[in-house]
Engineer: 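Here you go, one structure.
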Amino acid sequence: MNPVSLSLPSAAPTGAADPLVGITEKRADSTLLSSARLLATQGSADQIAALLRALVTDPLGLLRALASVGSVDRAVELLGTALTLGLPAELNARLRCLLVELRLAGGEVRLALATAEEILGRGTAGTPELPATVRSAVLAGRAFGRHFQDPDRGRRHAESVLRGHDDRTAPDAEVLAATAVLSDLVLSDGRLTEGLRLARAAVDGAQAMPSPVWRAYLHLVLADRLLDVGAYGEAESTVRAAVADLTGLGGGGMDSIVALHRARLLSHRGRLAEARDEAQQALAAAMCRGTLLYVPPPLATLGQLALRFGDHDGAEAFVRRYRQTLADGAGRMPSPVYDWVELQVTAARHGAHAALAQMEQQYPDPGPRAALFTRQPGAAAWFVRTAQEAGDPRWAAVAAHEAERLAEENPGIPTLAASAVHAVSLLHGDPDGLVRAATEHGHHWARTAAAEDLAALLDTRSHRRTAGAAAEAPAPPRLPAPAVASAPAPSVAPPVPPAPDPAARAAEENADALSDVERTVAHLVSQGLTNQQVASRIQRSPHTVNYHLRNIFRKVGLSSRVELARHAHLWTTDRPDITDFDIF
């Protein structure tokens, strides 16, 4: 097997006293050597020797590198061994500071917070004062840890830190962490504009953050806010800045979060297959590194993507996995996506009535709804649509009103403006508003949903007009019954061949304008399948099938499924593979 490649710090200069010798003379290092071999089982003897030397010359850089190429658990094991070697007090403090960082990434939030409090307590009661950079980094880790453990506690702590900060002085690491935490939490109040401002402020002072991992995290928080407002180009460059902070650390254990942000960006742009690949990489990296804090987010993203692909079984399995991970005690990075994916699975599995009951349980207050509506374009309209299908106009009106309020309170945010137009137009059956929403939505799924809602509305109106015209039409006159003739029946004339059907000829000529998807839909409908059955076959929603049908009728000049069934076989005889066409 190939040796492990580590970005290790340089060894001690040739000729200098090897610090490892003094430590080895003081106490046996068999435990340390065993840990090193566990972490570098594929490495050569020279690499293991360099690893041991680097533990003394630059333990912080070494352990971060180890955490990025091996598991966090083993890096913590090696760090624990180093803390027993009688190293200088300042170095011990720095190692303990790194322990807070690694335990947070490993999902051991309570242990990380306990370690942070222990370190901070060492600066009092006659113990040596902590170096300023160490104290600042530990305080930053504590701010993040409280946020991951309990968002309400994290909010109170972050607000307290910022109240005590003098704006005339440059922010330290704790202030930057508190700013990033609040950037995430103000979304619960629907204040997306304020969240973006705070995220930018944190990045502006990021150089004061001593940990490169936390510097990268500040950039990723800003990337989140930029995705929320639809600034995809800037979000992509911000993710690249986070990667630059992690250069030399092999990802610093945060490669899974970087991949997750790429997945979100690709999903927003409608590149679903690529988004799924990135989310799977994010999950694999988090599992491999043992960074359990970062496991639930990619599972939720994969569940959301499974829904987009029509894979309800897969989506349900991802929900079970992230719920189990969260229940096992790993800290969570707060997100409204967990409940959102589960709610959509319920709707797909059990229908609108079951989803409405779950909505009432999970979103009883405006706060959680505001967090979801600001993070997920199209979610407000989904609430309206589900409530209408369940026959609850009150819930539909509440969702539309809240989407409108969020847009008014965050002027200049195009994602919220499009979401409000979509939800309100769906509530009132306004086709012009739905056209606008389908045009202005930047998020691929929300844009598609608006187009489907428009198609469904127009189809419903068309059916009503047809039914109304049939009801108002006068009944045909009753003809007298034919008299019974006693004369012999006349001779039967030879059958006259039917005249060419101009509609059939025109339909066949215009069929070249149909896309492969439309040909597939036409073929399946001509076989007698319902819209729901076609939707299941091509992994799309019934609204999308109806949208394609309207396009087919318009392009080929037909007006009913009966006519389509009569002519569609003419369009597929030269395409024997049409029934096997793979949408994806």
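Keep in mind that the numbers below use all heavy atoms, side chains included, and drop hydrogens, waters and symmetry copies.
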Engineer: Where do S419 and P377 come nearest, in terms of heavy atoms and distance?
Structural biologist: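 Closest approach of S419 to P377: OG-CA, 3.7 Å.
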Engineer: For L302 and R276, what are the C-alpha separation, side-chain angles and deciding distance, and is it a side chain to side chain contact (heavy atoms under 4.5 Å, CB included)?
Structural biologist: CA-CA 6 Å; L302 285 166; R276 182 174 55 192; 4.1 Å; yes
Engineer: Kindly write out the residues that satisfy side-chain hydrogen bond (donor to acceptor under 3.5 Å, both in side chains) with R155, not counting sequence neighbours, or none if the list is empty.
Structural biologist: D189
Engineer: Not counting sequence neighbours, list each pair that qualifies as a salt bridge (Lys or Arg N to Asp or Glu O under 4.0 Å) and has a residue in residues 215-227.
Structural biologist: D184-R225, R215-D245, D224-R264, D224-R375, R225-D228
Engineer: Report yes if the side chains of L292 and T325 come closer than 4.5 Å at any heavy-atom pair, otherwise no.
Structural biologist: no
Engineer: Is the closest side-chain heavy-atom distance between Q281 and R262 below 4.5 Å?
Structural biologist: no
Engineer: Does A396 have any side-chain contact (heavy atoms from CB on, under 4.5 Å) partners at least two apart in sequence or in another chain, and if so, which?
Structural biologist: V384, A387, Q388, L427
Engineer: Just wondering, do L222 and R200 contact through their side chains at under 4.5 Å, heavy atoms?
Structural biologist: yes
Engineer: Could you check whether atom CZ of R321 has more than 12 heavy atoms from other residues, nucleotides or ligands sitting under 6.0 Å from it?
Structural biologist: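 Atom CZ in R321 is not crowded, with 12 or fewer foreign heavy atoms closer than 6.0 Å.
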Engineer: Is any side-chain heavy atom of R94 closer than 4.5 Å to a side-chain heavy atom of L98?
Structural biologist: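 Answer no - side chains too far apart.
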Engineer: Can you list everything that forms a ring-ring contact (aromatic ring centres under 6.0 Å, His included) with Y217? Sequence neighbours excluded, please.
Structural biologist: F144, W214
Engineer: Quick one: does S237's side chain have a donor or acceptor within less than 3.5 Å of a partner on E234's backbone?
Structural biologist: yes
Engineer: Shortest non-hydrogen contact from A201 to L176?
Structural biologist: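 Taking A201 first and L176 second, the nearest heavy atoms are O-CD2, 4.4 Å.
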Engineer: Show the nearest heavy-atom pair for residues A399 and F373, with the distance to one decimal.
Structural biologist: O-CE1, 4.0 Å
Engineer: Which pair of heavy atoms, one from A403 and one from A423, lies closest together, and at what distance?
Structural biologist: CB-CB, 4.1 Å
Engineer: Rounded to the nearest 0.5 Å, how far apart are CG of L260 and CG of D255?
Structural biologist: 11.5 Å
Engineer: Distance from L293 atom CG to I257 atom CD1, nearest 0.5 Å?
Structural biologist: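 One gets 7.0 Å once the value is rounded to the nearest 0.5 Å.
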Engineer: Kindly indicate whether the side chain of L192, heavy atoms from C-beta on, has any atom under 4.5 Å from the side chain of V186.
Structural biologist: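 Not touching, per the 4.5 Å side-chain cut-off.
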Engineer: Applying side-chain contact (heavy atoms from CB on, under 4.5 Å), name anything that partners A357, two or more places apart in sequence or on another chain.
Structural biologist: none
Engineer: State which residues pass side-chain contact (heavy atoms from CB on, under 4.5 Å) with H157; sequence neighbours excluded, sorted by chain then number.
Structural biologist: R142, A143, R146, V161, E174
Engineer: Are the side chain of T374 and the backbone N or O of A370 linked by a donor-acceptor pair below 3.5 Å?
Structural biologist: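 Yes.
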Engineer: Tell me, please, which residues at least two apart from H441 pass ring-ring contact (aromatic ring centres under 6.0 Å, His included).
Structural biologist: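 In terms of ring-ring contact (aromatic ring centres under 6.0 Å, His included), with neighbours along the sequence ignored, H441 is linked to H422.
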Engineer: Between A105 and Y294, what is the shortest heavy-atom contact and its length?
Structural biologist: CB-OH, 4.1 Å
Engineer: Give the minimum heavy-atom separation between V295 and A286, together with the two atoms involved.
Structural biologist: CG2-CB, 3.8 Å
Engineer: Would you call Y363 and L372 a side-chain contact if the rule is heavy atoms closer than 4.5 Å?
Structural biologist: yes
Engineer: Find the distance between NE2 (H165) and OG1 (T179) and round it off to the nearest 0.5 Å.
Structural biologist: 7.5 Å
Engineer: Using a 4.5 Å cut-off on heavy atoms from C-beta on, say whether the side chain of V134 contacts that of V138.
Structural biologist: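 Heavy-atom side-chain distance check passes, below 4.5 Å.
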Engineer: Show your working on side chain to side chain contact (heavy atoms under 4.5 Å, CB included) between E101 and S211 and close with a plain yes or no.
Structural biologist: CA-CA 9 Å; E101 184 181 300; S211 164; 2.8 Å; yes
Engineer: So among R103, E108, R96, which one has a side chain to side chain donor-acceptor pair (under 3.5 Å) with T115?
Structural biologist: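 Single side chain to side chain donor-acceptor pair (under 3.5 Å) partner of T115 among R103, E108, R96: R103.
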Engineer: In Å and rounded to the nearest 0.5 Å, what is the CD to OG1 distance from Q344 to T386?
Structural biologist: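 Q344 CD to T386 OG1: 8.5 Å, rounded to 0.5 Å.
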Engineer: Rounded to the nearest 0.5 Å, how far apart are CZ of R271 and CG of D277?
Structural biologist: 11.5 Å
Engineer: Once rounded to the nearest 0.5 Å, what's the spacing between atom OG1 of T301 and atom OH of Y322?
Structural biologist: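 Atom-to-atom, T301:OG1 and Y322:OH are 9.5 Å apart.
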Engineer: Can you list every pair that meets salt bridge (Lys or Arg N to Asp or Glu O under 4.0 Å) and has a residue in residues 357-370, with sequence neighbours left out?
Structural biologist: R369-E402
Engineer: For the pair H147 and L185, evaluate side chain to side chain contact (heavy atoms under 4.5 Å, CB included) and give the outcome as yes or no after the intermediate values.
Structural biologist: CA-CA 9 Å; H147 174 48; L185 288 172; 3.7 Å; yes
Engineer: Output all residues satisfying side-chain contact (heavy atoms from CB on, under 4.5 Å) with A173, sequence neighbours left out; order by chain, then residue number.
Structural biologist: S136, A140, M209, P210
Engineer: Apply side chain to side chain contact (heavy atoms under 4.5 Å, CB included) to the pair L307 and V345, showing each step before the final yes or no.
Structural biologist: CA-CA 8 Å; L307 286 167; V345 169; 4.1 Å; yes
Engineer: Could you list the residues that satisfy ring-ring contact (aromatic ring centres under 6.0 Å, His included) with W382, not counting sequence neighbours?
Structural biologist: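 For W382 the ring-ring contact (aromatic ring centres under 6.0 Å, His included) partners, ignoring immediate neighbours, are W340.
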Engineer: Among residues at least two apart in sequence or on other chains, which ones pass side-chain hydrogen bond (donor to acceptor under 3.5 Å, both in side chains) with R447?
Structural biologist: none
Engineer: Q304 vs S267, test: side chain to side chain donor-acceptor pair (under 3.5 Å). Steps then yes/no.
Structural biologist: CA-CA 10 Å; Q304 203 163 15; S267 177; over 6 Å; no
Engineer: Treating S183 as the side-chain partner and G195 as the backbone partner, does any N or O pair qualify as donor plus acceptor under 3.5 Å?
Structural biologist: yes
Engineer: Kindly indicate whether the side chain of H443, heavy atoms from C-beta on, has any atom under 4.5 Å from the side chain of T415.
Structural biologist: no
Engineer: Please name all residues satisfying side-chain hydrogen bond (donor to acceptor under 3.5 Å, both in side chains) with E409, sequence neighbours left out, ordered by chain then number.
Structural biologist: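 Residues passing side-chain hydrogen bond (donor to acceptor under 3.5 Å, both in side chains) with E409: R405.
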Engineer: Mark yes or no for whether N410, through its side chain, and I413, through its backbone, hold a donor-acceptor pair below 3.5 Å.
Structural biologist: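 Answer holds: no.
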